[in-house]
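Everything below concerns the one structure shown next.
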Amino acid sequence: MNTGISLYFSTGAAKNEEIIRKASACGVKYAFTSLHIPEENGVEYKKDIRRMLKCCFEGGLQLIVDVGPETLEKLGVSRIEELENTGITHVRLDYGFSPQETVRIAEKFHVVFNASTITEEDIRAWKAAGADFTRFTACHNFYPKQFTALSLESVREINRRLRCLGFDTMGFVPGNKELRGPLQEGLPTVEEHRGRRDEVLLNMLELFYEGMCGTVLIGDVDVWEKDWEDIAALSQNYVRLRAKIRPEYSFVRNIIHHDRPDSSDLVFRSQESRQYRQQILPEGICERPAGSISLSNEKYRRYMGELEAARVDLPADERLNIIGQVAPEHLRYLSCIRQGLGIKFV
């Protein structure tokens with residue numbers, strides 16, 4: 001999963017640099033900022049954007065800048081192409097750009113659009129102008145005002161169509177430690193996530209797997225330390241799951257287990273676990289509730305040693321040894337850990 005943050009000039013340079021340092025240390029790939037937020041008064045864009053760009057470059061973050069024709073003056077340029085050597089990698093275009101202009105800009109930058117407002121007419125016009133859609137990204141808005149954000153189903157439907165054309169897709173989840181003003185009610189793409197600001201990891205997983213967003217960004221200013229730790233893990237393609245493991249099977253903690261690409265709706269199956277070559281003897285029949293962690297024993301023949309975690313309640317099976325249990329508060333993550341994403345038991 002690609003992860004991202006949001007930077008606002010009204011936050012102040014010192015705070016933004018702190019966030020960039022945290023994000024860089026956690027393997028975050030993208031940063032988003034806007035150059036036309038009405039509440040940001042007294043900002044010296046020519047000076048502050050250069051400082052932000054330098055920090056992002058040093059931190060290895062690709063910067064997505066939300067621009068329109070009227071914002072170029074703030075940067076002291078007359079054409080977007082003049083930003084090519086500044087370190088800006090993605091430009092999020094508002095209205096006012098013809099298909100021909102858009103295709104020309106895409107030769108220099110990745111171009112980003114509001115995913116929810118891309119029409120079939122836009123797609124036909126871009127195709128006619130020779131667009132390479134692998135240079136296009138569809139990024140959903142965040143919604144500061146309560147009850148105005150999208151449903152997860154709507155996001156998925158939009159993204160499925162655009163990804164088939166070659167677009168990258170992005171969306172936002174709200175932060176929790178420091179919310180952006182003036183409303184300070186969270187900046188989600190999905191309305192349900194607004195009321196779950198303390199579930200940053202779950203929101204990111206839902207937007208990635210169920211919402212089909214290839215990149216998930218934090219919309220607000222900051223999150224709590226535990227969430228940064230989860231973001232660091234996600235940036236390395238795994239999720240930290242709290243679990244009790246029987247002492248004699250503690251060796252399963254020493255590895256990141258990745259789900260098979262052909263995910264089962266019922267169980268997480270570790271791709272790495274069959275490397276456990278030791279003999280695993282049967283232990284009898286045990287209950288197998290959701291969250292139970294099991295290893296196939298010798299009765300499963302060539303599957304001996306394979307680790308599974310049950311996503312739902314399943315029947316007992318004498319061919320499986322129950323070796324542990326995912327903590328109740330982390331059970332709901334299991335349904336979203338799919339198609340190559342990993343688990344590390346902590």
Side-chain angles (χ1 to χ4, degrees), residues 1-5 22-23 25-30 152 155-156 169-177 188-190 192-193 196-218 223-245 249-273 275 289-295 306-312 323-346:
M1 180 192 298
N2 291 324
T3 56
I5 56 170
K22 285 183 182 179
C26 293
V28 169
K29 186 174 181 180
Y30 293 101
L152 193 60
V155 171
R156 180 172 60 246
T169 53
M170 295 182 173
F172 294 88
V173 298
N176 49 28
K177 183 179 180 181
T189 289
V190 172
E192 184 180 357
H193 294 167
R196 292 196 332 217
R197 289 194 295 269
D198 288 333
E199 293 284 1
V200 173
L201 175 59
L202 180 61
N203 294 340
M204 294 182 83
L205 288 171
E206 280 191 353
L207 203 54
F208 181 68
Y209 276 107
E210 297 183 35
M212 299 183 71
C213 286
T215 299
V216 180
L217 303 99
I218 304 296
V223 294
W224 295 107
E225 197 59 38
K226 67 177 180 63
D227 300 309
W228 282 112
E229 293 172 3
D230 287 332
I231 290 169
L234 282 176
S235 298
Q236 297 178 62
N237 200 39
Y238 74 92
V239 175
R240 303 179 312 140
L241 276 190
R242 287 185 58 196
K244 290 183 178 180
I245 303 292
Y249 293 103
S250 60
F251 56 84
V252 304
R253 292 190 185 276
N254 300 325
I255 190 171
I256 297 173
H257 301 269
H258 294 91
D259 190 34
R260 289 171 55 110
D262 52 341
S263 290
S264 163
D265 288 338
L266 304 179
V267 295
F268 170 99
R269 293 180 70 190
S270 168
Q271 296 186 56
E272 290 82 5
S273 58
Q275 66 185 274
S292 59
I293 304 162
S294 62
L295 282 181
E306 183 173 82
L307 180 143
E308 295 180 359
R311 305 188 198 274
V312 298
I323 68 167
Q325 177 71 34
V326 175
E329 65 271 22
H330 282 193
L331 274 178
R332 52 195 159 167
Y333 300 156
L334 277 174
S335 64
C336 298
I337 300 173
R338 296 176 175 274
Q339 300 168 355
L341 190 63
I343 283 175
K344 186 174 184 180
F345 297 118
V346 299

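Numbering starts at 1 and runs along the sequence shown.
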Which distance, rounded to the nearest 0.5 Å, do you find between the CH2 of W228 and the OG1 of T3? 8.5 Å
So how far is it from R311 CZ to L331 CG, rounded to the nearest 0.5 Å? 12.0 Å
Between the side chain of T169 and the main-chain N/O of M212, is any donor-acceptor distance below 3.5 Å? yes
On a heavy-atom basis, the closest approach of N176 and V223 is OD1-CA, 3.2 Å
Expected output: side-chain Q271 to main-chain D259 donor-acceptor under 3.5 Å: yes
So, does Q325 use its side chain to make a donor-acceptor pair with the main chain of A290 at under 3.5 Å? yes
To the nearest 0.5 Å, tell me how far L307 CG sits from R269 CZ. 11.0 Å
Give the minimum heavy-atom separation between L295 and Y249, together with the two atoms involved. CD1-CD2, 3.7 Å
Using a strict cut-off of less than 4.0 Å between a Lys/Arg side-chain nitrogen and an Asp/Glu carboxylate oxygen, indicate whether D230 and R240 qualify as a salt bridge. yes
Ignoring hydrogens and geometry, is there a side-chain-to-backbone donor-acceptor pair from R156 to E210 under 3.5 Å? yes
Going through the distances and angles, do R197 and N203 end up as a side chain to side chain contact (heavy atoms under 4.5 Å, CB included)? CA-CA 8 Å; R197 289 194 295 269; N203 294 340; 6.0 Å; no
Take atom NZ in K244; do more than 12 heavy atoms of anything else shown fall under 6.0 Å from it? no
